[in-house]
Asker: 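Dumping the structure here so I can ask a few things about it.
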Amino acid sequence: MASDIQQTPFIKQLAANDRPTRDKALESLKTFLSGRRDLPPLELLKLWKGLFYCLWMSDRPIPQQNLCTSLASLISILPSETVIPFLRAFWQTMQREWLNIDVLRMEKFLLLVRRYVGASFEQLKKGGWKEEEVEEMKELWGEVPLNVEDLRVPNGIRFHVLDLWVDELEKVGMLEEGNEEVLENLLELVRKLAKDSPTKPVRKKAKEALGDERLPGNEHVEEEKLDDGWGGIQE
């Protein structure tokens, strides 16, 4: 028997050539998702295939930016039990399609990934950074974007997520004093990549992220580096 998603016209409309049709389909999708708690993984993958090509077909920077923001906002309307399965389908879709994205389209998908990492942090913040929710999200990130060993995960995804990780943590206030315990937990996957990744460039990129001067403790390292320079002969 056909699933509800297969029966809804907005799935094909999400990849339509004209923007009004895509925008209308996205609004229909928001209404559909807000009341669904039982979407199986296969149906979510089908949904994300439609969302992927919705962005694929989007032209011009401003509409692309708006669409990325709208797609990331879907997380906030989902029933709580659907959030992780929905995000898992997103990351699995990015993993599957990443190497098929051409240079001209890559920038908008880089933005989409940034928006989804940021929206995931916002979701955790909204929940008060509960340990079980953080651990559940970490498990998901460890499957694809910050996976240590799986060679099926394109390194381009790892590089990009490592590039933006501290940026997005800063946006949700995680670098402020008093958040050290949660912050350390959120940096654990990056530390694992820095230590255990079989790929040297990934280890290097992870170490660069951990060395970001905005992270607590690193600012003192920067000051020491400045003080280490030779100041000339002292009288």
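Treat the numbers as computed from the prediction; the structure is a model and nothing was measured.
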Asker: Are Lys125 and Glu122 ion-paired here, with the side-chain N under 4.0 Å from a carboxylate O?
Answerer: no
Asker: Could you pull out all residues at least two apart from Asp167 that satisfy salt bridge (charged side-chain N to carboxylate O under 4.0 Å, His left out)?
Answerer: Arg114, Arg214
Asker: Is it true that Leu45 and Phe32 fall in one hydrophobic cluster, defined by side-chain heavy atoms closer than 4.5 Å?
Answerer: no
Asker: Charged N to carboxylate O below 4.0 Å: is that the case for Asp196 and Lys192?
Answerer: no
Asker: Determine whether Phe86 and Leu47 satisfy the following criterion, side-chain contact (heavy atoms from CB on, under 4.5 Å), listing intermediate values before the conclusion.
Answerer: CA-CA 9 Å; Phe86 182 81; Leu47 170 60; 4.0 Å; yes
Asker: So with a 6.0 Å cut-off around NZ of Lys126, is the heavy-atom count from everything else above 12?
Answerer: yes
Asker: Output every pair passing ring-ring contact (aromatic ring centres under 6.0 Å, His included) with a member in residues 170-196, not counting sequence neighbours, ordered by first then second residue.
Answerer: none
Asker: To the nearest 0.5 Å, what is the distance between CD on Glu149 and OG1 on Thr199?
Answerer: 10.0 Å
Asker: I'd like to check the ring pair (Phe, Tyr, Trp, His ring centres under 6.0 Å) partners of Tyr116; sequence neighbours left out, ordered by chain and number.
Answerer: Trp48, Phe90
Asker: Do Gln65 and Pro61 touch side chain to side chain, with heavy atoms closer than 4.5 Å?
Answerer: yes
Asker: If the condition is side chain to side chain contact (heavy atoms under 4.5 Å, CB included), which residues does Asn147 pass it with, not counting sequence neighbours?
Answerer: Asp150, Val153, Arg158
Asker: Taking side chain to side chain contact (heavy atoms under 4.5 Å, CB included) as the definition, give me every residue that meets it alongside Leu99, ordered by chain and number, with sequence neighbours left out.
Answerer: Pro154
Asker: Measure the shortest side-chain to side-chain distance between Val172 and Trp129 over non-hydrogen atoms and say whether it is less than 4.5 angstrom.
Answerer: yes
Asker: Less than 4.5 Å apart, side chain to side chain, heavy atoms only: is that true for Pro201 and Asn155?
Answerer: no
Asker: Quick one: which residue pairs count as a ring-ring contact (aromatic ring centres under 6.0 Å, His included) with a foot in residues 164-189, not counting sequence neighbours?
Answerer: Phe121-Trp165, Trp141-Trp165
Asker: Do Leu74 and Leu140 sit in the same hydrophobic cluster, where Ile, Leu, Val, Met, Phe, Trp and Tyr count as joined when their side-chain heavy atoms come under 4.5 Å apart?
Answerer: yes
Asker: For Glu107, give me all partners under side chain to side chain contact (heavy atoms under 4.5 Å, CB included), at least two apart in sequence or on another chain.
Answerer: none
Asker: With sequence neighbours left out, what residues match Lys49 under side chain to side chain donor-acceptor pair (under 3.5 Å)?
Answerer: none
Asker: Identify whether the distance between the nearest side-chain nitrogen and carboxylate oxygen of Lys24 and Glu27 falls below 4.0 Å.
Answerer: no
Asker: With side-chain contact (heavy atoms from CB on, under 4.5 Å) as the test, would you mind laying out the steps for Val182 and Leu124 before giving the verdict?
Answerer: CA-CA 11 Å; Val182 178; Leu124 293 175; over 6 Å; no
Asker: Examine Met106 and Leu71 and state if one hydrophobic cluster contains both, with Ile, Leu, Val, Met, Phe, Trp and Tyr joined whenever side-chain heavy atoms are less than 4.5 Å apart.
Answerer: yes
Asker: Honestly curious: do Phe159 and Val161 fall in one hydrophobic cluster under the side-chain, below-4.5 Å linking rule?
Answerer: yes
Asker: Any side-chain heavy-atom pair from Leu146 and Leu162 closer than 4.5 angstrom?
Answerer: yes
Asker: Under the salt bridge (charged side-chain N to carboxylate O under 4.0 Å, His left out) definition, can you give me all pairs with a residue in residues 86-106, not counting sequence neighbours?
Answerer: Arg88-Glu143, Asp102-Arg105
Asker: Rounded to the nearest 0.5 Å, how far does NZ of Lys138 lie from CD of Glu188?
Answerer: 3.5 Å
Asker: Return the minimal non-hydrogen interatomic distance between Ala72 and Ala119, and the atom names on each side.
Answerer: O-CB, 3.8 Å
Asker: In the structure I gave you, are the side-chain heavy atoms of Cys54 and Leu26 within less than 4.5 Å of one another anywhere?
Answerer: no
Asker: Quick one: side chain to side chain donor-acceptor pair (under 3.5 Å) partners of Asn179, sequence neighbours excluded?
Answerer: none
Asker: Test your reading of the model: is there a side-chain donor-acceptor pair from Ser34 to the backbone of Thr31, 3.5 Å cut-off?
Answerer: yes
Asker: Keeping Lys108 on the side-chain end and Ser58 on the backbone end, is there a donor-acceptor pair under 3.5 Å?
Answerer: yes
Asker: Going through the distances and angles, do Gln64 and Leu111 end up as a side-chain contact (heavy atoms from CB on, under 4.5 Å)?
Answerer: CA-CA 9 Å; Gln64 290 169 3; Leu111 178 60; 6.0 Å; no
Asker: Give a yes or no on whether Ile101 and Trp91 share a hydrophobic cluster (residues Ile, Leu, Val, Met, Phe, Trp, Tyr; joining criterion: side-chain heavy atoms under 4.5 Å apart).
Answerer: yes
Asker: Taking atom NZ as the centre, does Lys30 end up with more than 12 heavy-atom neighbours from other residues, nucleotides or ligands that are less than 6.0 angstrom away?
Answerer: yes
Asker: Quick one: closest heavy-atom pair of Leu193 and Arg203, and the distance?
Answerer: O-CG, 3.6 Å
Asker: Taking side chain to side chain donor-acceptor pair (under 3.5 Å) as the test, write out the residues that go with Thr69, two or more places apart.
Answerer: Arg115
Asker: Where the side chain of Ser70 meets the backbone of Asn66, is there a donor-acceptor pair that is under 3.5 Å apart?
Answerer: yes
Asker: Measuring from atom CE of Met137 to atom CD1 of Ile84, what distance do you get when rounded to the nearest 0.5 angstrom?
Answerer: 4.5 Å
Asker: Do the non-hydrogen side-chain atoms of Leu175 and Val166 ever get within less than 4.5 Å of each other?
Answerer: yes
Asker: Quick one: does Leu112's side chain get under 4.5 Å of Met94's, heavy atoms only?
Answerer: yes
Asker: Could you walk me through whether Lys171 and Glu168 pass the salt bridge (Lys or Arg N to Asp or Glu O under 4.0 Å) check?
Answerer: CA-CA 5 Å; Lys171 289 177 184 177; Glu168 299 306 316; 3.0 Å; yes
Asker: Mind checking what makes side chain to side chain donor-acceptor pair (under 3.5 Å) contact with Arg191, not counting sequence neighbours?
Answerer: Glu184
